[in-house]
Peer 1: 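First the structure, then my questions, so here it is.
Because the structure is a prediction, the values reported are computed rather than measured.
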Amino acid sequence: MSNLTVLNRTAVKVGTTESDASEPVLHASIYEELRRRMITGKIVPGVGLSTRGLALEMGVSQMPVRDALSRLAAEGAVEIRSKRRIEVLALPHITPARLKHLRDVDAAIDAAMENGDVVAYMEGNFAFHFGLYRANERPTLNRLIEALWLQFGPFMRVVYGRFGTANLVDQHRIALEAIEARDAAALERAIASDIADGMGLIGRSTWACV
């Protein structure tokens, strides 16, 4: 994708200088662009990033890049190792021992799905996801994620109780295969699909009750 891509809803383009846009809009645009690159896998996990290199690529000074990376670090997306080098957090933190634990959890989830045990499925599902999330050792970020689960967890209990677990796609197996292959993009797709499946069930359940 070209560096002249319009960033989200702003009128600022990557490569636009500070003189062409207000500082808050520019900083927000750089943040959104880097965030998009991470979400879409254009920035590879475990690879060091240079603030100077990113600034040159985007045609801006290092200040808005540093500001964007600081925001991303606060969200747990990157780790700042020095003033100039930043590392994307992901697969490097999933050790063989953690992978084995995730496999054990997934096996318990499979048993719960076969038995139609909704409570055991939900407990296992939570354990699987947070076995991944907690690998980055970012407690603040994990508390935010837990807050989201706190809101939709009760809805999922109702949905699974109504529709059961037999027809759920095993995205966890796909995620485990991606971890073993050290394929960050495939892991991201698997987890995103797993969450989307759950949200889809909530949506269908809501329409069924209308």
Peer 1: Roughly how far apart are Asp110 CG and Glu114 CD, rounded to 0.5 Å?
Peer 2: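 Between Asp110 CG and Glu114 CD, I get 6.5 Å after rounding to 0.5 Å.
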
Peer 1: Over all heavy atoms of both residues, which pair between Asp183 and Ala186 is shortest? Give the atoms and the distance, please.
Peer 2: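 Shortest heavy-atom contact: OD1-N, 3.0 Å.
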
Peer 1: From His27 NE2 over to Arg66 CZ, what is the distance, rounded to the nearest 0.5 angstrom?
Peer 2: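 One gets 9.5 Å once the value is rounded to the nearest 0.5 Å.
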
Peer 1: Any side-chain heavy-atom pair from Leu102 and Asp106 closer than 4.5 angstrom?
Peer 2: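 A side-chain contact under 4.5 Å is absent here.
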
Peer 1: Just by distance, do the side chain of Asn115 and the backbone of Asp117 share a donor-acceptor pair under 3.5 Å?
Peer 2: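 Not confirmed, Asn115 side chain does not pair with Asp117 backbone.
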
Peer 1: Hey, could you give me the CD1/CG distance between Ile94 and Leu176, rounded to the nearest 0.5 Å?
Peer 2: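 So the CD1 of Ile94 and the CG of Leu176 are separated by 9.0 Å.
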
Peer 1: Donor-acceptor check, side chain of Asn125 to backbone of Tyr121, threshold 3.5 angstrom: yes or no?
Peer 2: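 Not a single qualifying donor-acceptor pair exists.
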
Peer 1: Rounded at 0.5 Å granularity, tell me how far NE2 in His172 sits from CG in Asp194.
Peer 2: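 With rounding to 0.5 Å, NE2 (His172) is 4.0 Å from CG (Asp194).
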
Peer 1: Between Glu33 and Arg36, is a salt bridge (Lys or Arg N to Asp or Glu O under 4.0 Å) present by the stated rule, with each step listed?
Peer 2: CA-CA 5 Å; Glu33 172 64 9; Arg36 183 188 65 80; 2.8 Å; yes

Peer 1: State the OG1-CG distance between Thr51 and Asp67, to the nearest 0.5 angstrom.
Peer 2: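 Going from OG1 on Thr51 over to CG on Asp67, the span is 12.5 Å.
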
Peer 1: Between Arg37 and Glu57, does a salt bridge (Lys or Arg N to Asp or Glu O under 4.0 Å) hold up when you go through it step by step?
Peer 2: CA-CA 13 Å; Arg37 291 186 185 190; Glu57 179 185 344; 2.9 Å; yes

Peer 1: State, yes or no, whether a side-chain contact exists between Leu69 and Leu54 at a heavy-atom distance under 4.5 Å.
Peer 2: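 Touching, per the 4.5 Å side-chain cut-off.
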
Peer 1: If every non-hydrogen atom of Ala175 is compared with every non-hydrogen atom of Ile191, which pair is closest and at what distance?
Peer 2: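 Closest heavy-atom pair between Ala175 and Ile191: CB-CD1, 4.1 Å.
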
Peer 1: Is there a path of hydrophobic side-chain contacts, each under 4.5 Å between heavy atoms, that joins Trp149 and Leu132?
Peer 2: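 Yes, it is one cluster - the side chains of Trp149 and Leu132 are joined through contacts under 4.5 Å.
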
Peer 1: Could you tell me whether the side chain of Leu187 reaches within less than 4.5 Å of the side chain of Ile174, counting heavy atoms only?
Peer 2: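 With C-beta onward as the side chain, the pair stays apart.
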
Peer 1: Side chain to side chain contact (heavy atoms under 4.5 Å, CB included) between Arg35 and Leu72: does it pass, once the steps are laid out?
Peer 2: CA-CA 8 Å; Arg35 188 171 182 271; Leu72 290 166; 4.2 Å; yes

Peer 1: Do Arg134 and His93 come within less than 4.5 Å of each other through their side chains, counting heavy atoms only?
Peer 2: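 Heavy-atom side-chain distance check fails, nothing below 4.5 Å.
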
Peer 1: So, taking the atom named CG in Asp104 and the one named NZ in Lys100, what distance separates them when rounded to the nearest 0.5 Å?
Peer 2: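 Those atoms lie 4.0 Å apart.
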
Peer 1: Assert yes or no for the condition that the ring centre distance of His129 to Tyr133 is strictly below 6.0 Å.
Peer 2: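 Judged by ring-centre distance (under 6.0 Å), His129 and Tyr133 do meet the cut-off.
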
Peer 1: Would you kindly confirm whether Met122 and Ile195 end up in one hydrophobic cluster when ILVMFWY residues are joined by side chain heavy atoms under 4.5 Å apart?
Peer 2: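 In one cluster: yes.
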
Peer 1: Under a 3.5 Å distance rule, please check whether Arg71 uses its side chain to pair with a backbone N or O of Tyr31 as donor and acceptor.
Peer 2: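 No; judged by distance alone, with no hydrogens or angles, the pair does not exist.
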
Peer 1: Under a 4.5 Å cut-off applied to non-hydrogen side-chain atoms, are Asp197 and Gln171 in contact?
Peer 2: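 Yes, at least one pair of side-chain atoms sits under 4.5 Å.
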
